[in-house]
Number of protein chains: 2
Amino acid sequence: MAFTDIATRTYNHGFRLDPIVRSLLDTDFYKLLMLQLIRDVHPDVSATFSLINRSSSVKLAEIIDEDELRAQLDHARTLRFSNKELIWLAGNSFYGKTQIFRPEFIAWLADFQLPEYELSKADGQYELHFHGPWTHTTMWEVPALAIISELRSRAAMEAHGRFALDVLYARAKAKLWEKVIALSKLPDLKLSDFGTRRRHSFLWQRWCVEALKEGLGDRFIGTSNTLLAMDADLEAIGTNAHELPMVEAALAKSDAELAKAPYRVLEHWQSQYSGNLLIVLPDAFGTAAFLRNAPDWVADWTGFRPDSAPPIEAGEEIIDWWKQKGRDPKEKLLIFSDGMDVDTIEEVYRHFHGRVRMSFGWGTNLTNDFRGCDPDGGHALDPISLVCKVTEANGRPAVKLSDNPEKATGDRGEIERYLQVFGAAGRTAAPVDV
Amino acid sequence: MAFTDIATRTYNHGFRLDPIVRSLLDTDFYKLLMLQLIRDVHPDVSATFSLINRSSSVKLAEIIDEDELRAQLDHARTLRFSNKELIWLAGNSFYGKTQIFRPEFIAWLADFQLPEYELSKADGQYELHFHGPWTHTTMWEVPALAIISELRSRAAMEAHGRFALDVLYARAKAKLWEKVIALSKLPDLKLSDFGTRRRHSFLWQRWCVEALKEGLGDRFIGTSNTLLAMDADLEAIGTNAHELPMVEAALAKSDAELAKAPYRVLEHWQSQYSGNLLIVLPDAFGTAAFLRNAPDWVADWTGFRPDSAPPIEAGEEIIDWWKQKGRDPKEKLLIFSDGMDVDTIEEVYRHFHGRVRMSFGWGTNLTNDFRGCDPDGGHALDPISLVCKVTEANGRPAVKLSDNPEKATGDRGEIERYLQVFGAAGRTAAPVDV
């Protein structure tokens with residue numbers, strides 16, 4: 001006789017919604033670090049976040065049902081931080097430090113709710129915007145992306161029978177494990193999961209994290225997903241993102257203020273955090289411009305996270321700059337997290353090994369690489385390049401130049417103005433796949 | 001909240017035995033066809049079946065715990081055919097015919113029980129013998145092999161954690177699915193599962209059968225496993241095995257009778273069965289000798305199953321013989337089932353396509369190919385060549401010569417005598433892997 005849990009089976013047949021995001025902690029850790037800073041420095045700034053599908057040939061509005069999308073977004077708005085989650089945020093140590101989150105911030109989180117969203121369709125794409133206080137809209141970025149990414153996976157798998165799904169996940173597991181084996185051969189590797197936002201699904205991300213834990217041991221240093229970090233007793237990883245310099249720049253009242261915005265962000269950051277959390281994200285308006293004009297004290301920070309230039313060129317540029325500033329690169333850290341996969345991780349690791357400390361944030365190619373895994377063939381499960389970016393702050397357009405013009409976002413005219421202020425040195429176009 | 005079926009979980013923690021063989025139908029279909037004949041023609045013959053591990057470097061007695069082996073064999077002895085099973089055997093049609101099993105045989109099966117076994121250890125191997133009436137000992141062959149095969153798998157996986165097992169099965173599934181895709185490209189393929197006796201496990205065989213069903217459609221014609229045929233509504237496949245000519249030969253009172261034994265078996269068989277069940281297994285004492293001395297009426301049978309010579313050579317030899325006898329090979333059937341895998345199936349299919357009807361019985365390389373799948377590496381899950389053969393009948397030694405001397409079994413002196421009677425023409429040694 002086969003045993004069936006009738007209650008579970010009945011629930012599975014009858015549930016109205018299988019939620020994709022079940023906790024406000026199911027987000028990148030750096031969102032919480034940034035949120036604490038935003039509340040402190042810019043509590044009254046309003047900011048709009050908007051969905052941008054860089055893979056424009058993939059017509060998301062034709063793939064994902066609007067009612068399902070609304071149901072998932074609505075469900076996320078019902079979530080609150082639970083007591084267990086708040087106690088963990090308050091009591092756990094992050095990056096070796098206790099009480100990184102101040103008590104009054106934790107108390108404020110207790111009432112936090114995701115704000116309203118604005119959803120419409122145009123040209124086969126969804127227009128999805130989040131308007132409101134920056135302290136609230138910022139928190140939509142990761143769950144919104146995770147919801148759309150997983151709804152797209154579900155749509156691609158809808159017609160598959162149980163067996164085809166079994167083969168699909170068997171292949172994906174076998175494929176990921178080959179990657180883990182390859183990475184396990186790099187003795188000094190430090191790698192973390194950065195794949196929440198563009199994951200195939202929550203359960204698949206959890207499996208990926210388990211695979212890294214099993215296969216990489218100490219080489220796996222943690223996950224950017226705060227919920228998985230809590231549940232699996234891993235380090236929560238992450239520092240800061242482009243939204244900080246983008247909003248700071250948007251708020252600048254003159255070109256002179258604009259030019260200083262990237263460094264003002266770092267001043268705010270180091271007033272709140274220290275040690276390994278002092279990681280510079282230099283490329284919002286071009287790495288070359290950032291380094292050229294950076295004050296000396298920026299070289300005291302622990303490391304850099306180059307995020308849009310080719311990783312070896314970017315690393316060499318930063319190492320040269322540290323040397324110019326009289327710092328020893330061997331004591332510094334470079335974090336590579338821009339569309340990495342096993343081949344690029346191996347290449348960058350071998351290139352810099354012994355010359356600088358390194359760690360890797362592995363995102364979409366970790367948690368959403370189903371290329372070649374679908375028994376029916378096709379590319380409906382291939383990852384796409386979907387982002388959710390701040391587009392305006394206090395009514396002023398927000399802009400990212402990036403080292404790769406393909407990753408630039410924002411109003412054309414503003415981009416021109418920013419290019420005049422920061423220059424275009426070192427910017428090189430490269431395709432953006434994930 | 002996660003839902004757990006507490007009763008199932010408690011049972012899983014507390015069970016004393018996880019049975020490998022749970023039904024007397026979990027055996028090859030041809031055992032039942034042969035059993036009906038044996039009861040009819042040789043009801044009083046006693047026959048001993050014995051385990052033979054041709055992979056002698058694998059020390060089974062050092063791998064498999066004796067108590068566990070005894071518990072599994074004892075459990076198999078508690079099994080009876082259930083009413084549902086007997087009704088299905090009586091009411092189902094096999095090879096397009098209803099009532100292939102006579103009512104009095106079905107009635108006799110209702111009381112059937114596997115007989116006692118004799119188990120000991122020597123030189124790191126198990127000595128496992130089944131003594132008694134041929135009508136009972138014959139039924140031990142498949143369950144005994146399946147039990148040892150699965151206990152060996154379990155031992156190899158014992159130290160693995162849940163995650164390693166997940167990777168192991170993901171890889172095995174991905175590997176098998178690649179094979180299924182390759183086979184699905186042969187448009188006129190006819191293939192059946194022959195993998196019960198040397199399967200990795202019962203559940204894995206079931207998955208393999210499901211994979212063939214999903215991936216091959218009509219090219220998958222059925223399974224030799226009677227239980228899986230019943231449960232999955234598939235054709236039960238199989239006809240006869242070497243034990244019939246081996247016992248017939250052992251009972252021969254003179255060299256002249258011995259020489260005729262292979263054909264006497266066919267006379268018995270065609271008195272019971274007809275149509276597509278008339279498949280000659282020609283190699284018990286060498287295919288060349290068999291064909292040289294075969295009466296003309298043997299060419300009226302539907303087909304041949306060459307089982308130990310290289311398949312293309314064996315097929316050509318049989319086709320030539322049909323032509324000599326004035327038969328059209330295009331109306332005849334060749335069944336290939338000796339250690340086949342995708343490469344050999346493709347080769348044989350392409351070689352004979354359009355010249356003769358063909359079908360393939362895919363055994364160990366279907367249901368037990370975990371080579372390269374163990375996350376810890378090693379070869380503990382690689383298949384081995386384990387058989388359970390009739391070794392004596394009515395106190396006289398039973399012998400198989402085979403087309404491949406490596407597959408010969410029986411007493412050395414008797415083998416010499418058989419070689420004098422049948423000759424050694426066409427026998428070529430080849431390694432036996434599975």
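Here is how names work: the chains are called A, B, and so on, in the same order as the sequence lines, proteins then strands, and each is numbered from 1.
No side-chain donor-acceptor contact under 3.5 Å links B/Arg80 to the backbone of B/Asp111. Remark: the backbone N or O of A/Arg371 is paired with a side-chain donor or acceptor of A/Lys175 at under 3.5 angstrom.
A distance below 6.0 Å separates the ring centres of A/Trp177 and B/Phe163.
Taking non-hydrogen atoms and a 4.5 Å limit, the residue list of residues 149-160 of chain A in contact with chain B is empty. Interface residues of residues 193-210 of chain A toward chain B, defined by a heavy-atom distance below 4.5 Å and sorted by number: A/Trp207, A/Glu210.
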TODO: Go through A/Phe112 and A/Leu24 one step at a time and tell me if the side-chain contact (heavy atoms from CB on, under 4.5 Å) criterion holds.
DONE: CA-CA 9 Å; A/Phe112 183 87; A/Leu24 288 173; 4.0 Å; yes

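Within the 4.5 angstrom heavy-atom criterion, only side-chain atoms of A/Ile181, from C-beta onward, approach chain B. Within the 4.5 angstrom heavy-atom criterion, no atom of B/Ala172 approaches chain A.
For the pair B/Lys185 and B/Glu346, the salt-bridge criterion is not met [side-chain N within less than 4.0 Å of a carboxylate O]. In summary, A/Arg171 and A/Asp374 do not engage in a salt bridge, as defined by a charged side-chain N under 4.0 Å from a carboxylate O.
The distance from atom CZ of B/Arg162 to atom CD of A/Glu214, rounded to the nearest 0.5 Å, is 8.0 Å. Atoms CD and CD1, from A/Glu235 and A/Ile221 in turn, are 8.5 Å apart once rounded to the nearest 0.5 Å. A/Leu366 CG to A/Asp341 CG: the interatomic distance, rounded to the nearest 0.5 Å, is 9.0 Å.
Around atom CG of B/Asp188, more than 12 heavy atoms belonging to other residues, nucleotides or ligands sit under 6.0 Å away.
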